[in-house]
Amino acid sequence: MCSVFSERFLRRFDLPHKRNGMKSQLSSRWPLIIRILLVSALCLAASPAAAAPAPSELPEELTPIYLIQGDGTSTPLSQKRVSTYGLVSGVQSNGFYLQDPTGDGIPQTSDGIFVYTSSAPKVNAGDCILVGGAEATEYYEKTELTTPRSLKTLSMDLCGDGSLPAAWAPLPTPNVEPESLLERFEGMLVAFEELQGIVQGPTKRFSNGNVEIALIAEQALPFVQGGRVFQSNLADAAGLIFLGNGLGAELPAAAWGDRVRVRAAEPGTPVLAVIDYSFGKYLLLLLPGQEIEVLSRHGSNDETAQPDAGAFRVCSFNVLGLGRGLDQLRNEADYEAALRQRAEAIDSGLHNCEIVGLQETGKPEDAENLARVLTEISGLDYSAIAYAGPGTASRDFPLTNSLLVRDDRVTVLNALNEQACTRFSFSVRLVPGQCPARLLPLFSRPPLVADLLVSGPWGEDYPLTVVVNHWRSKRGDESVNVVHRTLQAEHVASIVQARLDTDPDAHVVVLGDLNDFEMSKPVETLRHGPEDADGAAREPGHVLLWHAFDALPPQDRYTYIFNGGSQTLDHLLLTPGMMPDFGGMDIAHINADFPIAQPGGTEGIPGLSPEYGSSDHDPLVLTVRPGGGAWIAGNAQIPNTPVELADSGGTVIARTQSDALGEFRFFDLRPGAYSLLFALPEQVTLLSPADVSDGSSVAIIRVEVEPGRATVVELSARDRRAEAGAASALFSIYYGSEAAGQSGASDP
């Protein structure tokens, strides 16, 4: 039976293949081994054929798939019941892809469509299927046939000659709208040449078993600024290519920057996939038998600075559903492994941060359990602060905000959840007594506000208020979500303002998963405070909180990767009174760039240490140096340039390397005189104010670092090849110091 099925499948999937500019057919003329490889996965699923209906049973009223798809982005037959037929090109767990066996020959109309059956359909790839009485719908802008009244296997004679051509499809490229390239192939079987790309979105595994990887074609990478796709750069994001396993292909565990290759199992044959549209992106669902190989790994060497006794750190960490809800970690062994995994991330990845604001602990006892395991691993005593809120009452996915503090350095004076009440309903669970009559709670996860004292060699204990946040998710209707988050921002801003009204120099840190971007309205409301009720503009230059990310290079400002685009969802801000003590900011990139490593499982990157992949959010690390923090923000204008920092005596005390845009930082410095030493490429000449002696390729810049201020250094360089007629590489000259609070949002 398998051999019969194989011959039927090969006849139906008559695949075009490029050869010397011509197309040949992948049919029985191909070597037997190729034919066996193409059908091996499907033979296992083949079942005895049901009796096919007679030709007279084919309904008279049929609507071809290409008419259902239409020539636009949505079906012209929305919410109408239609019947159609075609060849099955691929089967998923909740439906299958059906394609007209001949098509209409019009490029603007797709010949394929997804048939949603809810449960696993009883069809096989290559079957000729009649779909009766299905509704044409748009599911998140994906054209589908849903709730079919009947599915029948037809005689192959009713599906033409039984062959299904795979159209050659273009791949996405930067600066080109993906819709213009791929909409006409939605739901169709396509072929493309071998692909090599650089991973932008690490392997992501969904609860239904689906796996996705986002990458950029290797030849397109030079056109992506800095080599990283940011969600905010739509031109770069247009070039993202999404791979999926929904039809049975095997996808490896891959991290950001890994180089991967996609090719057919048999050399010289095309890669085959069905193009799906899934929540705003076109997805290449690779057919079984296609090979995806990781050719090289991106180096994983992100490290946060080692602490010393003269400073302390405040961290933020979304610990990814660390609870015992029905949709969380129900198994006791998995729960204990997850506690250890997150504790390892704090111990090794964050070097036992003194104060850690946590999001997505399930209930207060989960924070207490994490403190227990962290104490065992680190040998340092940690205590947990957490209170129940509306979100902890969920049986499926309880969530609350928490705080961990090191007992040897931190004293807790006071802590509470500060809920807000509103006349608007945002479907937050009601807790008796939490809000007055006719008012409703604003936060499912109320901000946790803690007043602390931090001890150290600086003398008097350092007073600090920490506000831990986890705002409304971006899931669902964003027009409602952003209103909700803006009201949440206004409430948190009022908490900060109340502290500043009492003490203008109050030390307050606001941190957490705010579920929005740097320049979004909710985050801007938090930075500057709410607008007046009468709509009057804020006072010019008014800053309620300074965003610590303003100190970071632009390429470093991401905490999360969504659909292959790096973005910022987690934030850390501080009041102006803390600026003299600002020692540095770091985003510990130990999670977002990597696939999530299941506790005790093997789904992460082999060989990585335990702190990598413990969550889908990167932790944040603020360094506070009471009595005198200082730092250098620089741009070498040249990527990957080694930079050394030497003290006044010439001793090198720190080393770094400029990033893909030439940016570099030296944080947590003591005030004083320093020298920056740059190792320049042979063809580059550094212009003044640098000192270059004896024709050396090492350039030196003298700098004076002052407390509470950002020393800004930007090089001026010229590519000597310009003298031979090549393009000039002249850069603007800027060298000086300015107050960190006035250094600007993007170019400190």
(Q) Donor-acceptor check, side chain of Asp581 to backbone of Gly629, threshold 3.5 angstrom: yes or no? (A) no
Q. Between the main-chain N or O of Leu350 and the side-chain N or O of Arg313, is there a donor-acceptor pair closer than 3.5 Å?
A. yes
Q.
I'd like to know if the side chain of Asp407 pairs up with that of Ser383 as donor and acceptor (distance under 3.5 Å, no hydrogens or angles considered).
A. yes
Q | Rounded distance (nearest 0.5 Å) linking atom CG of Leu645 with atom CG of Leu669 | A | 6.0 Å
Q: Output the distance between atom CD1 (Ile355) and atom CZ (Arg406), rounded to the nearest 0.5 Å.
A: 10.0 Å
Q. Is it true that the NZ or CZ of Arg665 lies under 6.0 Å from the centre of Trp631's six-membered ring and within 45 degrees of the ring axis?
A. no
Q | Within 6.0 angstrom of Glu460 CD, more than 12 heavy atoms from elsewhere | A | no
Q) Is the side chain of Asn469 donor-acceptor paired with the backbone N or O of Val467 at a distance under 3.5 Å, no angle test? A) yes
Q.
I'd like to know if Glu524 pairs up with Arg527 as an ion pair, taking the criterion as any Lys NZ or Arg NE/NH1/NH2 lying under 4.0 Å from an Asp or Glu carboxylate oxygen.
A. yes
(Q) Just checking Phe426: does its CZ atom have more than 12 heavy atoms from other residues, nucleotides or ligands closer to it than 6.0 angstrom? (A) yes
Q) Just by distance, with hydrogens left out, do Ser316 and Gln359 show a side-chain donor and acceptor under 3.5 Å apart? A) yes
Q) Are Asp659 and Arg228 ion-paired here, with the side-chain N under 4.0 Å from a carboxylate O? A) no
Q) Is a side-chain N or O of Thr559 found less than 3.5 angstrom from the main chain of Asp570, in a donor-acceptor match? A) yes
Q) Is Thr525 reaching over with its side chain to a backbone N or O of Glu490, donor-acceptor style, under 3.5 angstrom? A) no
Q | Trp471 side, atom CH2; Asp516 side, atom CG - distance, nearest 0.5 Å | A | 8.5 Å
Q. Distance from Tyr335 atom OH to Leu322 atom CG, nearest 0.5 Å?
A. 5.5 Å
Q. Nearest 0.5 Å, what's the OH-CG distance between Tyr387 and Leu403?
A. 10.0 Å
Q.
Can a side-chain donor-acceptor contact be found between Arg472 and Asn481 if the only test is distance below 3.5 angstrom?
A. yes
Q: Drop me the distance from Ile495's CD1 to Leu500's CG, to the nearest 0.5 angstrom.
A: 12.0 Å
Q) Are the side chain of Thr568 and the backbone of Glu518 linked by a donor-acceptor contact shorter than 3.5 Å? A) no
Q: Would you please say whether a donor-acceptor pair under 3.5 Å links the side chains of Asp461 and Ser455?
A: no
Q. Got a donor-acceptor contact below 3.5 angstrom from the His484 side chain to the Leu442 backbone?
A. yes
Q.
Quick check against the 3.5 Å criterion: does Ser394 have a side-chain atom that pairs as donor or acceptor with the backbone of Gly391?
A. no
Q) Are the aromatic ring centres of His470 and Phe443 under 6.0 angstrom apart? A) no
Q. Between Arg372 and Glu336, is there a salt bridge with N-O shorter than 4.0 Å?
A. yes
Q: Would you verify whether the NZ or CZ of Arg409 falls within 45 degrees of the ring axis of Phe312 while also being under 6.0 Å from that six-membered ring's centre?
A: no
Q. With under 30° as parallel and over 60° as perpendicular, where do the rings of Tyr462 and Trp458 fit, or are they tilted in between?
A. perpendicular
